[in-house]
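By convention in this document, chain letters (A, B, ...) are assigned in the order of the sequence lines, proteins followed by strands, and residues within each chain are numbered from 1.
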Amino acid sequence: MRYSQALMPTLKETPAEAEVVSHRLMLRAGFIRKLTAGIYTYMPYGLAAIRKVENIVREEMNRAGAQELLMPMVQPADLWRESGRYEKYGPELLRFHDRHERESCLGPTHEEVITDIARKELHSYRDLPINLYQIQTKFRDEIRPRFGLMRGREFVMKDAYSFDVSDEAAQVSYKKMYEAYRRIFIRCGLKFRAVQADSGAIGGSFSHEFMVLAATGEDTIVICTACEYAANVEKAAIKPVENRSDELEKDLEKVETPGKRKVTAVCEFLGIEPDQLVKTMVYQADGKPVAVLVRGDREVEEVKLKNLLGVADVELAGDKEVFDATGVPTGYLGPVGISIRVVADQEVAAMKNFYVGGNEKNHHMKNVNCGRDFQPEHIADLRQITVSDPCPDCGGTLELTEGIEVGHIFKLGTGYSESMNAMFSDKDGVEKHLVMGCYGVGVSRIVAAAIEQNHDENGIIFPVPLAPFTVILLNLGLQDKEITDAAEMLYRELQDAGVDVLLDDRDERPGFKFKDADLLGVPFRVTIGKNFVKNGLVEVRQRRDGVTEEMSPSDVLASLPAKIAAELKN
RNA sequence: CGGGGCGUAGCGCAGCCUGGUUAGCGCGCCUGCCUUGGGAGCAGGAGGUCGGAGGUUCGAAUCCUCCCGCCCCGACCA
């Protein structure tokens, strides 16, 4: 590509809308331009990066034995009614009517369509196992799109679906995808972790997320420093508390706590520590109030709560909702004699003689005991894990870190094949439900994540496998025939050697070209200038470490393509 | 949807509080000269429904009302 003919509009200044590094750099380097909230045009250079990721994903999916197909984006509502998700999916599913008033939606994911294909085309155990995938633009009407390509409403996703004869066979398919995903993210040059995850709205029984480690990540993950354990905090199970303290249960007492509503204020006033107090949080679980008990210094993990209650949505209730449901102002709520459902974190059940709200303004209770003074409907793991908790697997020390979810794999089981009646005949002639798995990669998000992980103050530093151009060739002597001839020749020769090369033949000053080369993040920069006229040498500089060498154009040709090929191998 | 913030030239911003006649600055863009190894310099030039609608006023970018859009924090998720 000749820079003089390319639409790669770089910006010196950062548009005000961008907050995170990848978004800022993608705007500055001319990757993307926003059309409206969460919806972007992929400009030529940005699209080239996306294509690089797509190709890696495609190669690894094919290597794992999956087959590519392409499903429709516009889907009939009736299909979604069959799976029960038309009602369940929520407002992320963009619904609309076509000209014949037929209800339709834009595909946020494709379990329904692929299951429809499966029930029509897969009839025998002989057709199985099979794994079908596509790389496609998805639309999810996110509540709050943000961070550029990190969370857009339109985004490029690879989604794959496996079909098996049994749970055991599905486990094999799942493992294959797990391995394929590891290879994909390694080849993309990303630092990542596979973590145990909640299976969320897609449904299913077992799942892993692939997290790129980066401070701007929207997820928090726990990693064990001693063993292989790693999990999303939403999922990270906390070990049950073994033995309850053998302290004697004391008599229940009411104490005055005028104006003290927050845990810290109550503790300070009563001269106690937060771990002697139990807070009562009211949640709306699918619209119905539930009181959730956790120790004063703990946080409720809403995903665990949601799973325990088996509801689609939980939301912390507002002051008014709390008062309407219980007749008690927030801050003084407690489980003793409360009228709404109560669930307790397992830790609460093991505590003795603790403090809770008195269910009366300006009052708390002391010497409260679970089982004696109140009986929760469930006692379960409901709080968020912390670094002071032991590893659920080995008891070792945990670390917390932020991650960007770039892949998610699920064992779906037979949920969809049952609701949509997708069957096959087994060896013994018995009709059975297909056992499914589904596997997603956020292709456009990978580009954003890669930039989050690979940049400096001057711009992007592309890993070679993702770089739209691996070499940028700077002609610093446009007026000088000798320099220009050498640049043109090297440009052709590098292209012939299969290198993605960008020739900067723009009539700009050297500093300008250097800045753009850095901003674009091209891994290798070859500069032809004065030194070529003097002694026939060009400069080769690596973007990542700034290592610079002088050599003849023929040496460039002899060494660079091989070097690049080595980086691509992995 | 709840909370916070912002809409003035392609981009980044000032002006608004305290209304006043041709609405400024930097970058970018166009023309010319000059310059050529880290976003040069000089000269000239183009480019604006001040987000939209209504109102107050002799007069509105500025004050008031409503609407729209965008960004940030939360719930959602590849």
Undergrad: I need a per-nucleotide contact map over nucleotides 40-46 of chain B, read 5' to 3'. Cutoff is protein heavy atoms under 4.0 Å; write B for the base, S for backbone only, - otherwise.
TA: B------
Undergrad: Identify whether any heavy atom of A/G459 sits under 4.0 Å from a base atom; if not, whether one sits that close to sugar-phosphate; answer base, sugar-phosphate or nothing.
TA: nothing
Undergrad: Does a side-chain N-to-carboxylate-O contact under 4.0 Å join A/K138 and A/D159?
TA: yes
Undergrad: Would you mind reading off the distance between A/I404 atom CD1 and B/A78 atom C1', rounded to a whole angstrom?
TA: 12 Å
Undergrad: Taking the cut-offs as 6.0 angstrom to the six-membered ring centre and 45 degrees off its axis, would you call A/R95 and A/Y86 a cation-pi pair?
TA: yes
Undergrad: Rounded to whole angstroms, how far apart are OH on A/Y133 and C1' on B/A78?
TA: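 Rounded to the whole Å, the gap is 17 Å.
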Undergrad: Classify the nucleic acid contact of A/G440 as base, sugar-phosphate or nothing, counting any heavy atom under 4.0 Å across all strands shown.
TA: nothing
Undergrad: Take atom CD of A/E321 and atom P of B/G2, then tell me their distance rounded to the nearest Å.
TA: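 Rounded to the whole Å, the gap is 13 Å.
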Undergrad: Looking only at N and O atoms, is any donor in the side chain of A/R28 or the base of B/G39 less than 3.5 Å from an acceptor on the other one?
TA: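 Yes, the side chain and the base share a sub-3.5 Å donor-acceptor pair.
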Undergrad: Go ahead and name the base partner of B/A40; Watson-Crick or wobble counts if both distances stay under 3.5 Å, otherwise write none.
TA: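 With both distances under 3.5 Å required, B/A40 matches none.
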Undergrad: According to the Watson-Crick and G-U wobble definitions, with both distances under 3.5 Å, which nucleotide is paired to B/G69?
TA: B/C6
Undergrad: Scan side-chain atoms only and decide if A/S22 and A/E452 contain a donor-acceptor pair under the 3.5 Å cut-off.
TA: yes
Undergrad: Between B/C13 and B/G2, how many Å separate the two C1' atoms, rounded to a whole number?
TA: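 Going atom to atom, C1' in each nucleotide, I get 31 Å.
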Undergrad: Check whether any side-chain nitrogen or oxygen of A/R146 sits under 4.0 Å from OP1 or OP2 of B/G74, and answer yes or no.
TA: yes
Undergrad: Starting from P on B/C72, measure out to CD on A/E19 and report it in whole angstrom.
TA: 6 Å
Undergrad: Could you check whether A/Y3 and A/N475, counting side-chain N and O atoms only, form a donor-acceptor pair closer than 3.5 Å?
TA: no
Undergrad: Using Watson-Crick or G-U wobble geometry with both distances under 3.5 Å, which nucleotide pairs with B/C77?
TA: none
Undergrad: Ignoring hydrogens and angles, state whether a donor on the side chain of A/Q384 or A/E299 is under 3.5 Å from an acceptor on the partner side chain.
TA: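 A/E299 and A/Q384 do not have a side-chain donor-acceptor pair below 3.5 Å.
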Undergrad: Mind calculating the distance between CD1 (A/I50) and P (B/A78) to the nearest angstrom?
TA: 18 Å
Undergrad: Distance check needed: B/A78 P versus A/F155 CZ, whole Å only.
TA: 8 Å
Undergrad: Applying a 4.0 Å non-hydrogen cut-off, can you work out what A/D159 is touching in the nucleic acid: base, sugar-phosphate, or nothing?
TA: nothing
Undergrad: What's the CD-P distance between A/E402 and B/C77, to the nearest Å?
TA: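 Going from CD in A/E402 over to P in B/C77 covers 18 Å.
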Undergrad: Considering only atom C1', compute the distance from B/C34 to B/C42 and round it to an integer number of Å.
TA: 8 Å
Undergrad: Using atom P of each nucleotide, how far apart are B/G12 and B/C68 to the nearest Å?
TA: 24 Å
Undergrad: Starting the side chain at C-beta, find the nucleotide from B/C77, B/A75, B/A78 nearest to A/R151.
TA: B/C77
Undergrad: Could you check whether the side chain of A/N531 and the base of B/G37 have a donor-acceptor pair of N or O atoms closer than 3.5 Å, going by distance alone?
TA: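 Under the 3.5 Å cut-off, the side chain and the base do not form any donor-acceptor pair.
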Undergrad: Do we see a donor-acceptor contact under 3.5 Å between the side chains of A/R85 and A/Y416?
TA: yes
Undergrad: Say we look at B/C73 and B/G37: how far apart would their P atoms be, to the nearest angstrom?
TA: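 Going atom to atom, P in each nucleotide, I get 43 Å.
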Undergrad: Salt bridge check: are A/K176 and A/E179 linked by an N-O gap of less than 4.0 Å?
TA: no
Undergrad: State which residues pass side-chain hydrogen bond (donor to acceptor under 3.5 Å, both in side chains) with A/K534; sequence neighbours excluded, sorted by chain then number.
TA: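 For A/K534 there are no side-chain hydrogen bond (donor to acceptor under 3.5 Å, both in side chains) partners, ignoring immediate neighbours.
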Undergrad: Return the value, rounded to whole Å, for the distance between atom CG of A/L94 and atom C1' of B/C77.
TA: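 So the CG-C1' distance, A/L94 to B/C77, works out to 16 Å.
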Undergrad: Which pairs, protein N/O on one side and nucleotides 4-15 of chain B N/O on the other, fall under 3.5 Å?
TA:
residue : atom : partner : partner atom : Å
B/C11   : O2   : A/E13   : OE1          : 3.2
B/G12   : OP1  : A/A16   : N            : 2.5

Undergrad: Could I get a table of every N or O pair under 3.5 Å where one atom is in the protein and the other is in nucleotides 31-34 of chain B?
TA:
none

Undergrad: Rounded to whole angstrom, note down the C1' distance from B/C6 over to B/A14.
TA: 15 Å
Undergrad: Give me the residues of residues 533-555 of chain A where at least one heavy atom lies under 4.0 Å from an atom of RNA chain B, by number, or none.
TA: A/E539, A/R541
Undergrad: A/F514 stacking on B/G39: centroids under 5.5 Å, ring planes under 30°?
TA: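 So no, this residue does not stack on that base, at least one cut-off failing.
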Undergrad: Between the side chains of A/R383 and A/E301, is the shortest nitrogen-to-carboxylate-oxygen separation below 4.0 Å, so that they form an ion pair?
TA: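 Between A/R383 and A/E301 there is no salt bridge, as every charged N stays at least 4.0 Å from the carboxylate O atoms.
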Undergrad: Look at all strands and tell whether A/F147 reaches a base, only sugar-phosphate, or nothing, counting heavy atoms closer than 4.0 Å.
TA: sugar-phosphate
Undergrad: I'd like to check the ring-ring contact (aromatic ring centres under 6.0 Å, His included) partners of A/F210; sequence neighbours left out, ordered by chain and number.
TA: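 A/F210: ring-ring contact (aromatic ring centres under 6.0 Å, His included) contacts with A/Y178, A/Y181, A/F185.
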Undergrad: Suppose we define a pair by two distances each less than 3.5 Å, Watson-Crick or G-U wobble; what does B/C63 pair with here?
TA: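 The base-pairing partner of B/C63, which may sit in any strand shown, is B/G55.
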Undergrad: If you find the nucleotide of RNA chain B closest to A/L476 and the one closest to A/L149, which residue's nucleotide is nearer the 5' end?
TA: A/L476
Undergrad: Please list, chain by chain and in numerical order, all residues satisfying side chain to side chain contact (heavy atoms under 4.5 Å, CB included) with A/A231, sequence neighbours excluded.
TA: A/Q196, A/V222, A/Y229, A/A236
Undergrad: Could you list the residues that satisfy side-chain hydrogen bond (donor to acceptor under 3.5 Å, both in side chains) with A/E154, not counting sequence neighbours?
TA: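 By the side-chain hydrogen bond (donor to acceptor under 3.5 Å, both in side chains) rule, A/E154 matches no residue at all.
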Undergrad: Say you pick atom C1' in B/C66 and the same atom in B/U22; how far apart are they, in whole Å?
TA: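 Each nucleotide's C1' atom is 33 Å from the other's.
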Undergrad: Return the set of residues passing side chain to side chain contact (heavy atoms under 4.5 Å, CB included) with A/D324 (not counting sequence neighbours), or none when no residue passes.
TA: A/K320
Undergrad: Between B/G38, B/G39, B/C70, which nucleotide gets closest to the side-chain atoms of A/T36?
TA: B/C70
Undergrad: Would you mind classifying the nucleic acid contact of A/E209 as base, sugar-phosphate or nothing, using non-hydrogen atoms under 4.0 angstrom?
TA: nothing
Undergrad: Expressed as a whole number of Å, how far does the P atom of B/C1 sit from that of B/U57?
TA: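 So the two P atoms sit 35 Å from each other.
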Undergrad: Quick one: is B/G38 close enough that its OP1 or OP2 comes under 4.0 Å of any side-chain N or O from A/K515?
TA: no
Undergrad: Applying a 4.0 Å non-hydrogen cut-off, can you work out what A/R525 is touching in the nucleic acid: base, sugar-phosphate, or nothing?
TA: base
Undergrad: Could you check which of B/C71, B/C73, B/G69 has an atom nearest any side-chain atom of A/K34?
TA: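 The answer is B/C71.
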Undergrad: Which residues pass the ring-ring contact (aromatic ring centres under 6.0 Å, His included) test with A/Y174, not counting sequence neighbours?
TA: A/F206, A/H208
Undergrad: Thinking salt bridges, do A/R543 and A/D456 make one under a 4.0 Å N-O criterion?
TA: yes
Undergrad: Do any side-chain atoms of residues 5-18 of chain A form donor-acceptor pairs under 3.5 angstrom with protein atoms, and if so which ones, sequence neighbours left out?
TA:
residue : atom : partner : partner atom : Å
A/T10   : OG1  : A/D516  : OD1          : 2.9
A/E17   : OE1  : A/K34   : NZ           : 3.4

Undergrad: When you get a sec, tell me which of B/C71, B/C1, B/C77 is the closest nucleotide to the side chain of A/A37?
TA: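 So the side chain of A/A37 is nearest to B/C71.
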Undergrad: Taking atom C1' in both B/G47 and B/G28, compute the distance separating them and give it to the nearest angstrom.
TA: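 12 Å, rounded to whole Å.
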Undergrad: Got a sec, which residues hit salt bridge (Lys or Arg N to Asp or Glu O under 4.0 Å) with A/E68, two or more places apart in sequence or on another chain?
TA: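 A/E68 satisfies salt bridge (Lys or Arg N to Asp or Glu O under 4.0 Å) with A/R58 once adjacent residues are dropped.
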Undergrad: Atom CD of residue position A/E315 - does it have more than 12 heavy atoms of other residues, nucleotides or ligands inside 6.0 Å?
TA: no
